[in-house]
Amino acid sequence: MKYVYEFIGTFFLVLTVGMTVLEPNSIGLWAPLAIGSVLAVMVFAGGHISGGHYNPAVSLSVFMRKKLSLQDLSLYWVAQLGAGLVAAFTTLYFKGNGAESPLAPDHMKAVIAEFLFTFALCYIVLNVATSKATAGNSYFGWAIGFTVLVGAYAVGSISGGAFNPAVALGMTILNLSSWSNIWIYLFGNLLGGAAAALIFNAAHQEECLEIVAKDDGSSVRARQKN
């Protein structure tokens with residue numbers, strides 16, 4: 001069921017991106033508010049089942065946080081990217097056509113922008129949704145959604161503001177970005193997610209080492225090796 005939840009959450013995120021950004025009837029400067037809001041509510045809806053990642057970069061961070069198995073990471077990626085694909089074609093069905101011309105970003109600036117705000121997103125997720133110190137809080141969904149909102153306003157004009165390979169796939173199918181730019185998002189987003197996990201793990205060493213999963217699914221206390 002957790003894979004279904006990841007599909008549903010990612011689907012509505014990418015669908016909202018396409019429906020609010022793509023002409024006709026785009027909502028212009030209001031689009032980031034809609035996108036951040038749908039992410040927040042989907043995180044609240046699915047967080048207790050799947051963790052509410054809806055983003056391969058977030059799943060990578062959580063995997064490096066040792067809160068996700070390698071098998072789950074792979075299946076989360078399949079669900080998320082599949083949802084991005086289906087959402088993009090659903091948008092094309094509603095809108096009729098993709099964008100007339102794709103974004104033509106400065107590659108270096110776009111990579112840096114995607115890295116920075118994917119790092120920020122994953123850093124927020126790890127600290128508000130996976131840390132013992134913030135367990136049980138009531139604000140994690142809004143913290144995550146508003147990070148995407150802020151990033152879209154801050155650097156959307158530079159990179160397109162994906163911060164998510166599944167969103168980048170949808171954007172590319174919708175011709176909001178060209179296929180030649182897909183590496184920008186894959187590289188910048190996954191690198192940002194990995195960097196956030198490294199920082200979090202360094203700051204929470206005791207917590208990260210406290211529990212490890214055995215192959216049989218039981219738990220044992222872990223000891224840091226010299």
Please determine whether side chain to side chain contact (heavy atoms under 4.5 Å, CB included) holds for the pair Ile35 and Leu149, giving the CA-CA distance in whole Å, both sets of side-chain angles, and the decisive distance to 0.1 Å.
CA-CA 7 Å; Ile35 295 163; Leu149 184 155; over 6 Å; no
Check the pair Trp30 / Thr20 against side chain to side chain contact (heavy atoms under 4.5 Å, CB included), numbers first and verdict last.
CA-CA 8 Å; Trp30 292 104; Thr20 59; over 6 Å; no
Go through the steps for Leu39 and Ile144 under the test side chain to side chain contact (heavy atoms under 4.5 Å, CB included), then give the verdict.
CA-CA 8 Å; Leu39 177 57; Ile144 294 166; 4.0 Å; yes
Tell me, with the steps shown, if Gln205 and Asn201 meet side chain to side chain contact (heavy atoms under 4.5 Å, CB included).
CA-CA 6 Å; Gln205 291 186 36; Asn201 289 345; over 6 Å; no
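Contact of the Phe44 side chain with the Phe140 side chain is registered, since non-hydrogen atoms from C-beta on lie closer than 4.5 Å. Put simply, the side chain of Val167 reaches to within 4.5 Å of the side chain of Leu13, judged on heavy atoms. Using a 4.5 Å cut-off on side-chain heavy atoms (C-beta onward), Ser69 and Phe63 make no contact. The shortest distance between side-chain heavy atoms of Thr147 and Val150 does not fall below 4.5 Å.
Screening residues 91-111 for ring pair (Phe, Tyr, Trp, His ring centres under 6.0 Å) gives His107-Trp183 as the qualifying pairs, with residues at least two apart or on separate chains.
A side chain to side chain contact (heavy atoms under 4.5 Å, CB included) with Tyr123 holds for exactly one of Leu126, Asn127, Leu121; it is Asn127. Exactly one of Phe119, Phe117, Tyr185 qualifies for a side chain to side chain contact (heavy atoms under 4.5 Å, CB included) with Phe163. That residue is Phe117. When each of Leu191, Asn189, Leu190 is paired with Glu114, the side chain to side chain contact (heavy atoms under 4.5 Å, CB included) condition holds for Asn189 and for no other.
Under the side-chain contact (heavy atoms from CB on, under 4.5 Å) criterion, Ala40 pairs with Trp142, sequence neighbours left out. Among residues two or more places apart in sequence or in another chain, the side chain to side chain donor-acceptor pair (under 3.5 Å) test is passed with Tyr3 by Asp72.
Between the side chain of Tyr54 and the main chain of Met42, a donor-acceptor pair closer than 3.5 Å is present. The main-chain N or O of Pro24 is found under 3.5 Å from a side-chain atom of Lys95 such that the two form a donor-acceptor pair. For the pair Lys67 (side chain) and Thr130 (backbone), a donor-acceptor distance under 3.5 Å is absent. Asn175 contributes a side-chain N or O that, together with a main-chain N or O of Ala99, makes up a donor-acceptor pair within less than 3.5 Å. In this structure, the side chain of Gln80 does not engage the main chain of Gly82 through any donor-acceptor pair within 3.5 Å.
Put simply, Val86 and Val78 are part of two different groups of oily side chains (I, L, V, M, F, W, Y) that touch within less than 4.5 Å, one to the next. Hydrophobic clustering places Trp77 together with Met1 (ILVMFWY residues linked when any side-chain heavy atoms are closer than 4.5 Å, directly or through intermediates).
How far OG of Ser159 is from CG of Asn181: 10.5 Å, rounded to the nearest 0.5 Å.
Defined by atom type and a distance below 3.5 Å, a donor-acceptor pair is missing between the side-chain atoms of Ser74 and Gln71.
Residues Lys2 and Ser50 share a closest heavy-atom pair of O-CB, 3.4 Å.
Aromatic ring centres of Phe187 and Phe115 lie farther apart than the 6.0 Å criterion allows.
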